[in-house]
Amino acid sequence: MSKFYPSKPKQTTDWKGISDKAKGEISLDISSPIKFSDSAVNACFDKWQKRFMDEWVNPIANIGVGNSITQYTMWINKRISYAECAFLANDSIINNAISKIANEIFRKGGKIVLENQNPDFETEFIKKLEKRIDKLKFFDTLHKAVMTTLTYGGALIYIDTNIGQNSTLADPIYFKKDFITSETITNLRVIEPYLCGAVDVNSSNPLNADFMQPSKWYISGAGVVDKTRLVSLSFFNAPDMLKPLYNYFGISLPQFMKDFVKIADGARQALGDIFTRFRTTILKTDLSKISAQEAMDRVGAINKLRNNLGTLLLTSDEEYVESITNLTNLDKLLAQMQENIAVSARMPAVKLLGLTPSGFNATGDFDLKSYYDEVMSYQNSIVKPIIENFLHIFSLELGFDLYPKYEFENLNTENALNQSQINATESQVVNNLIQSGVITQEQGFNYLQGKKIIDKGEEFDESVDDFGLESDLNYGKNGQENEQTQITSQTDNA
């Protein structure tokens, strides 16, 4: 028996053709059918032609091969637009989460550290760096960039320099002393992601360091800008496969919180409706004996008399019933939804919503400690490299090829207290060793300075008596190593 529908021959995939297309050998003719005399029109056409030729083709992930997952982004990935991110950022809970994280990162500030330098030079140089930072309002710009990144998923910091006559925005900045001193920074600006787009991206060779990282950006109203003039910032990075869908930035915090806030807000409104009508009065009567108007008048009279001092008259065939909705555990259900919001925002409910922890001896200290650890990870992995990068640029402007470090203050007060107790204990042990004549004052000073208990800028006063033990100690390389080991072991034992 023949089939009603004829079978089709098996189709084979032309992987070589797809691979050639991925390498840029596009068989499709996309040359301009009309030659325009207007140079601006030709430039615009060439720009879009280059964009089309730079389409990301990945046969393994089924991207750019005629059935791309980008066609189903709204259903598979649920990426929200930049406009929706802006609208969601107006929500009180989401706005609170964004501002809390951004403010917490810079709440206690930090300090600039210049290692292996003369103390006098270090102090003077750090003062110049701080003056330069204040003049450019660097930390205000960085705070705005963090807020923008959390809201939209990413941001660019534009390094505005006094560009020379032979340079353009498309030309790179060379971070060398001679170049930076001639093209100094005049301003820093934050560029929202909806005002820019990637122009040139290495999307074919994952062995290169710049894989899926734009080398040039198109800024609205400014044109093509080289990546060296921009600093890209993102907190929650998207996978490489989905980076084109996120404009080569990251995922926004409103996208993580949207569904949880929506569900919790719906539950809040439903709970309000339950409170409005949790008690229902039912009067069982024969309505066929009275008219509709009489029935309504009767109900109105009952509602007026319904209190602890009122009396309700019923006929022998009527029954008065009150139905009360059970409100047990509704508070726990709402609290669970609020905790889900806090989880999506990556912060404890006591910080996001101001809720007091419930339960026996519940203080929320552990939750706050975990939250501070999370914020400090943002500081060290995302914000700190950007700060140190600019500190290097500012050093080049001052004529020195130095790499200053930046250390954030500890946000966890409990850890700071523990560290102070440890420092006090170690200092006491060293003092006891000096008093007992086991080590000299200079050895104890050097040990405490190595532990950063004593500031490295301090110098030991050699005029102080060392208890006459200096001649008895074995100096030299091996002797100093043995003394340092002895101090460490005795401190640990204590």
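For F87, the CZ atom is loosely surrounded, since the number of other residues' heavy atoms within 6.0 Å does not exceed 12.
Looking at K243 and M212, their side chains come closer than 4.5 Å, going by heavy atoms from C-beta outward. Under the 4.5 Å side-chain criterion, counting only non-hydrogen atoms from C-beta, W217 is not in contact with V199. When side chains are defined from C-beta on, L233 does not count as touching L156, because their heavy atoms never get closer than 4.5 Å. In this structure, S395 and Y403 have side chains that are not in contact, with every pair of non-hydrogen atoms separated by 4.5 Å or more. By the 4.5 Å heavy-atom criterion applied to side chains, P214 and N202 are not counted as neighbours. A heavy-atom distance below 4.5 Å is found between the side chains of I101 and L253.
A salt bridge links K351 with E104: at least one charged nitrogen is closer than 4.0 Å to a carboxylate oxygen. Under 4.0 Å is where a charged nitrogen must lie from a carboxylate oxygen, and between D226 and R229 no such pair does. One finds a salt bridge joining E84 and K258 here, because a Lys/Arg side-chain nitrogen approaches an Asp/Glu carboxylate oxygen to under 4.0 Å.
Between E397 and the options K128, H392, R132, a side chain to side chain donor-acceptor pair (under 3.5 Å) holds for only R132. Here the rule is ring-ring contact (aromatic ring centres under 6.0 Å, His included) with Y152, and of Y194, F235, F249, F236 only Y194 fits it.
T168 and D171 are linked by a side-chain donor-acceptor pair at a separation below 3.5 angstrom, with hydrogens and angles left out of the test. Judged purely by distance below 3.5 Å, without hydrogens or angles, the side chains of D373 and S370 never pair a donor atom with an acceptor atom. Using modelled atom types and a 3.5 Å distance limit, the side chains of Y447 and Q443 yield no donor-acceptor pair.
In this structure, F408 has its ring center closer than 6.0 angstrom to the ring center of Y406.
Using bins of under 30°, 30° to 60° and over 60° for the plane-to-plane angle, the ring pair F390/F394 lands in the tilted bin.
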